[in-house]
Asker: 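Please read through the structure below; I'll follow up with questions.
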Amino acid sequence: REAVLAAVRQDGYALQFAGEALRRDPEVMLEAVKQDGWTLQFAPPDLWEDRCFAAAAVRAHAWALQFAPADLRRDRGLVLAALECHGLALAYVAGSLRHDRDVVFAAVRQDGRALQHAATALTDDLEVV
(Lines give C-alpha, C1' and ligand atoms only; values in the text may rest on other atoms or scores of the structure.)
Protein backbone atom coordinates (compact mmCIF):
# COMPACT_ATOMS: atom_id res chain seq x y z
CA ARG A 1 0.00 0.00 0.00
CA GLU A 2 2.76 2.48 0.91
CA ALA A 3 4.56 1.79 -2.38
CA VAL A 4 1.38 2.50 -4.36
CA LEU A 5 0.72 5.69 -2.37
CA ALA A 6 4.26 6.88 -3.15
CA ALA A 7 3.80 6.03 -6.83
CA VAL A 8 0.48 7.83 -7.26
CA ARG A 9 1.80 10.89 -5.45
CA GLN A 10 4.40 11.14 -8.21
CA ASP A 11 2.17 10.11 -11.09
CA GLY A 12 -1.53 9.60 -10.61
CA TYR A 13 -1.70 7.33 -13.62
CA ALA A 14 0.38 4.76 -11.74
CA LEU A 15 -2.97 3.85 -10.20
CA GLN A 16 -3.94 1.92 -13.31
CA PHE A 17 -1.28 -0.66 -12.42
CA ALA A 18 -2.45 -1.09 -8.83
CA GLY A 19 -4.54 -4.08 -7.86
CA GLU A 20 -8.30 -3.85 -7.54
CA ALA A 21 -8.19 -3.71 -3.73
CA LEU A 22 -5.93 -0.65 -3.79
CA ARG A 23 -8.07 1.08 -6.42
CA ARG A 24 -11.00 0.61 -4.00
CA ASP A 25 -9.05 2.30 -1.22
CA PRO A 26 -10.40 5.88 -0.94
CA GLU A 27 -7.10 7.25 0.38
CA VAL A 28 -5.09 5.76 -2.50
CA MET A 29 -7.64 6.98 -5.04
CA LEU A 30 -7.75 10.52 -3.61
CA GLU A 31 -3.95 10.77 -3.60
CA ALA A 32 -3.98 9.84 -7.28
CA VAL A 33 -6.74 12.37 -7.97
CA LYS A 34 -4.82 15.15 -6.23
CA GLN A 35 -1.94 14.47 -8.59
CA ASP A 36 -4.09 14.00 -11.69
CA GLY A 37 -7.87 14.17 -11.65
CA TRP A 38 -8.27 12.09 -14.78
CA THR A 39 -7.29 9.04 -12.74
CA LEU A 40 -10.90 8.89 -11.57
CA GLN A 41 -11.59 6.87 -14.68
CA PHE A 42 -9.96 3.98 -12.79
CA ALA A 43 -12.22 4.34 -9.74
CA PRO A 44 -14.52 1.37 -9.21
CA PRO A 45 -18.19 2.39 -9.45
CA ASP A 46 -18.96 1.33 -5.87
CA LEU A 47 -16.37 3.78 -4.54
CA TRP A 48 -18.63 6.60 -5.73
CA GLU A 49 -21.32 5.37 -3.32
CA ASP A 50 -19.18 6.80 -0.52
CA ARG A 51 -20.41 10.43 -0.37
CA CYS A 52 -17.29 11.49 1.53
CA PHE A 53 -15.13 10.13 -1.27
CA ALA A 54 -17.28 11.83 -3.92
CA ALA A 55 -17.13 15.20 -2.17
CA ALA A 56 -13.36 14.96 -1.68
CA ALA A 57 -12.86 13.93 -5.31
CA VAL A 58 -14.89 16.88 -6.58
CA ARG A 59 -13.04 19.29 -4.29
CA ALA A 60 -9.70 17.91 -5.49
CA HIS A 61 -10.68 17.96 -9.15
CA ALA A 62 -13.92 19.55 -10.37
CA TRP A 63 -13.86 17.54 -13.58
CA ALA A 64 -14.55 14.50 -11.38
CA LEU A 65 -18.22 15.05 -12.15
CA GLN A 66 -17.82 13.49 -15.57
CA PHE A 67 -16.88 10.17 -13.96
CA ALA A 68 -19.53 10.38 -11.24
CA PRO A 69 -22.77 8.41 -11.48
CA ALA A 70 -25.90 10.26 -12.59
CA ASP A 71 -27.34 10.58 -9.08
CA LEU A 72 -24.25 12.50 -7.94
CA ARG A 73 -24.46 14.79 -10.96
CA ARG A 74 -27.93 15.70 -9.66
CA ASP A 75 -26.65 16.36 -6.13
CA ARG A 76 -26.95 20.15 -5.82
CA GLY A 77 -24.44 20.50 -2.97
CA LEU A 78 -21.82 18.38 -4.68
CA VAL A 79 -22.34 20.19 -7.97
CA LEU A 80 -22.02 23.62 -6.34
CA ALA A 81 -18.76 22.54 -4.68
CA ALA A 82 -17.39 21.52 -8.07
CA LEU A 83 -18.55 24.69 -9.82
CA GLU A 84 -16.90 26.92 -7.22
CA CYS A 85 -13.59 25.40 -8.33
CA HIS A 86 -14.24 25.09 -12.04
CA GLY A 87 -17.29 26.62 -13.70
CA LEU A 88 -16.86 24.67 -16.91
CA ALA A 89 -17.67 21.49 -15.00
CA LEU A 90 -21.27 22.58 -15.65
CA ALA A 91 -20.90 20.49 -18.80
CA TYR A 92 -21.16 17.35 -16.65
CA VAL A 93 -24.03 18.44 -14.42
CA ALA A 94 -27.44 16.79 -14.75
CA GLY A 95 -29.76 18.60 -17.14
CA SER A 96 -32.20 19.55 -14.42
CA LEU A 97 -29.51 21.55 -12.60
CA ARG A 98 -28.57 23.36 -15.79
CA HIS A 99 -31.99 25.01 -15.43
CA ASP A 100 -31.26 26.05 -11.85
CA ARG A 101 -30.42 29.76 -11.80
CA ASP A 102 -28.22 29.53 -8.69
CA VAL A 103 -26.23 26.60 -10.06
CA VAL A 104 -25.67 28.27 -13.42
CA PHE A 105 -24.82 31.58 -11.74
CA ALA A 106 -22.18 29.85 -9.58
CA ALA A 107 -20.63 28.33 -12.70
CA VAL A 108 -20.71 31.57 -14.70
CA ARG A 109 -19.31 33.56 -11.78
CA GLN A 110 -16.31 31.22 -11.72
CA ASP A 111 -15.90 31.08 -15.53
CA GLY A 112 -18.10 33.03 -17.92
CA ARG A 113 -17.62 30.41 -20.61
CA ALA A 114 -19.77 28.04 -18.54
CA LEU A 115 -22.80 29.84 -19.95
CA GLN A 116 -22.48 27.64 -23.04
CA HIS A 117 -23.57 24.67 -20.89
CA ALA A 118 -26.56 26.39 -19.28
CA ALA A 119 -30.16 25.72 -20.24
CA THR A 120 -31.18 27.95 -23.12
CA ALA A 121 -33.81 29.65 -20.96
CA LEU A 122 -31.04 31.03 -18.72
CA THR A 123 -28.70 32.30 -21.42
CA ASP A 124 -30.87 35.40 -21.84
CA ASP A 125 -31.32 35.96 -18.10
CA LEU A 126 -29.54 39.22 -17.25
CA GLU A 127 -29.07 38.17 -13.65
CA VAL A 128 -27.06 35.14 -14.80
CA VAL A 129 -25.24 36.76 -17.69
Side-chain angles (χ1 to χ4, degrees):
R1 183 173 189 269
E2 293 307 314
V4 171
L5 279 169
V8 299
R9 286 178 181 138
Q10 288 182 355
D11 182 354
Y13 271 88
L15 184 70
Q16 67 184 313
F17 304 112
E20 182 72 20
L22 289 171
R23 286 197 310 264
R24 290 183 183 283
D25 183 320
E27 183 183 359
V28 171
M29 181 58 70
L30 287 174
E31 285 299 322
V33 170
K34 288 177 189 173
Q35 204 285 323
D36 189 329
W38 297 106
T39 58
L40 280 164
Q41 64 188 304
F42 305 118
D46 61 318
L47 191 56
W48 285 103
E49 293 173 14
D50 178 347
R51 294 284 182 172
C52 291
F53 168 79
V58 166
R59 279 193 301 275
H61 190 70
W63 292 106
L65 283 175
Q66 73 177 300
F67 300 111
D71 65 316
L72 293 180
R73 288 186 271 155
R74 287 188 299 269
D75 183 309
R76 196 170 191 275
L78 192 66
V79 164
L80 286 170
L83 297 177
E84 287 175 8
C85 301
H86 201 330
L88 287 174
L90 186 63
Y92 304 108
V93 170
S96 60
L97 289 178
R98 292 184 200 193
H99 287 84
D100 183 313
R101 175 180 279 138
D102 294 332
V103 169
V104 172
F105 185 69
V108 171
R109 183 175 48 231
Q110 200 286 322
D111 189 327
R113 297 173 297 167
L115 192 59
Q116 67 186 310
H117 302 295
T120 306
L122 293 177
T123 61
D124 291 328
D125 186 327
L126 294 178
E127 289 182 30
V128 173
V129 179

Asker: Mind running side chain to side chain contact (heavy atoms under 4.5 Å, CB included) on Arg1 and Glu27 for me, showing each step along the way?
Answerer: CA-CA 10 Å; Arg1 183 173 189 269; Glu27 183 183 359; 2.5 Å; yes
Asker: Any idea which heavy atoms bring Trp48 and Ala64 closest together, and the distance?
Answerer: CH2-O, 3.7 Å
Asker: Begin from the C-alpha positions of Val28 and Arg23 and carry the test side chain to side chain contact (heavy atoms under 4.5 Å, CB included) through to its verdict.
Answerer: CA-CA 7 Å; Val28 171; Arg23 286 197 310 264; over 6 Å; no
Asker: Taking all non-hydrogen atoms of both residues into account, name the closest pair between Pro26 and Asp50 and its distance.
Answerer: CG-OD2, 4.4 Å
Asker: Once the angle between the rings of His61 and Trp38 is folded into 0 to 90°, is it parallel (under 30°), tilted (30 to 60°) or perpendicular (over 60°)?
Answerer: perpendicular
Asker: Heavy-atom count check: over 12 atoms from other residues, nucleotides or ligands less than 6.0 Å from Glu20 CD?
Answerer: yes
Asker: Closest heavy-atom contact between Val93 and Arg98?
Answerer: O-NE, 3.0 Å
Asker: Which pair of non-hydrogen atoms, one from Leu97 and one from Arg73, has the smallest distance, and what is that distance?
Answerer: CD1-O, 3.7 Å
Asker: Of all the heavy-atom pairs spanning Val58 and Ala81, show the shortest one and how long it is.
Answerer: CG1-C, 4.2 Å
Asker: Please report the interatomic distance CG(Asp111) to NE2(His117), rounded to the nearest 0.5 Å.
Answerer: 9.0 Å
Asker: When you look at CZ of Arg113, are more than 12 heavy atoms from neighbouring residues, nucleotides or ligands closer to it than 6.0 Å?
Answerer: no
Asker: Less than 4.0 Å between a side-chain N and a carboxylate O, is that true for Asp71 and Arg51?
Answerer: yes
Asker: Report the distance from atom CD of Gln66 to atom CG of Leu40, rounding to the nearest 0.5 Å.
Answerer: 9.0 Å
Asker: Would you say the side chain of Pro69 lies within less than 4.5 Å of the side chain of Glu49, judging by non-hydrogen atoms?
Answerer: no
Asker: Would you call Thr39 and Val8 a side-chain contact if the rule is heavy atoms closer than 4.5 Å?
Answerer: no
Asker: Compare every heavy atom of Phe67 with every heavy atom of Gln41, then report the nearest pair and how far apart it is.
Answerer: CB-CE2, 3.6 Å
Asker: Can Glu84 and Arg109 be counted as an ion pair, charged N to O under 4.0 angstrom?
Answerer: no
Asker: If you measure from CG on Asp25 to CG on Leu47, what distance do you get to the nearest 0.5 Å?
Answerer: 8.5 Å
Asker: Any non-hydrogen side-chain atom of Leu88 less than 4.5 Å from a side-chain atom of Trp63?
Answerer: yes
Asker: CZ of Phe105 to CG of Leu80: how many Å apart, nearest 0.5 Å?
Answerer: 12.0 Å
Asker: Kindly compute the distance separating CG (Leu78) from CG (Leu65), expressed to the nearest 0.5 Å.
Answerer: 6.0 Å
Asker: Less than 4.5 Å apart, any side-chain heavy atom of Gln110 and any of Leu83?
Answerer: no
Asker: What is the distance from atom CE of Met29 to atom NZ of Lys34, rounded to the nearest 0.5 Å?
Answerer: 13.5 Å
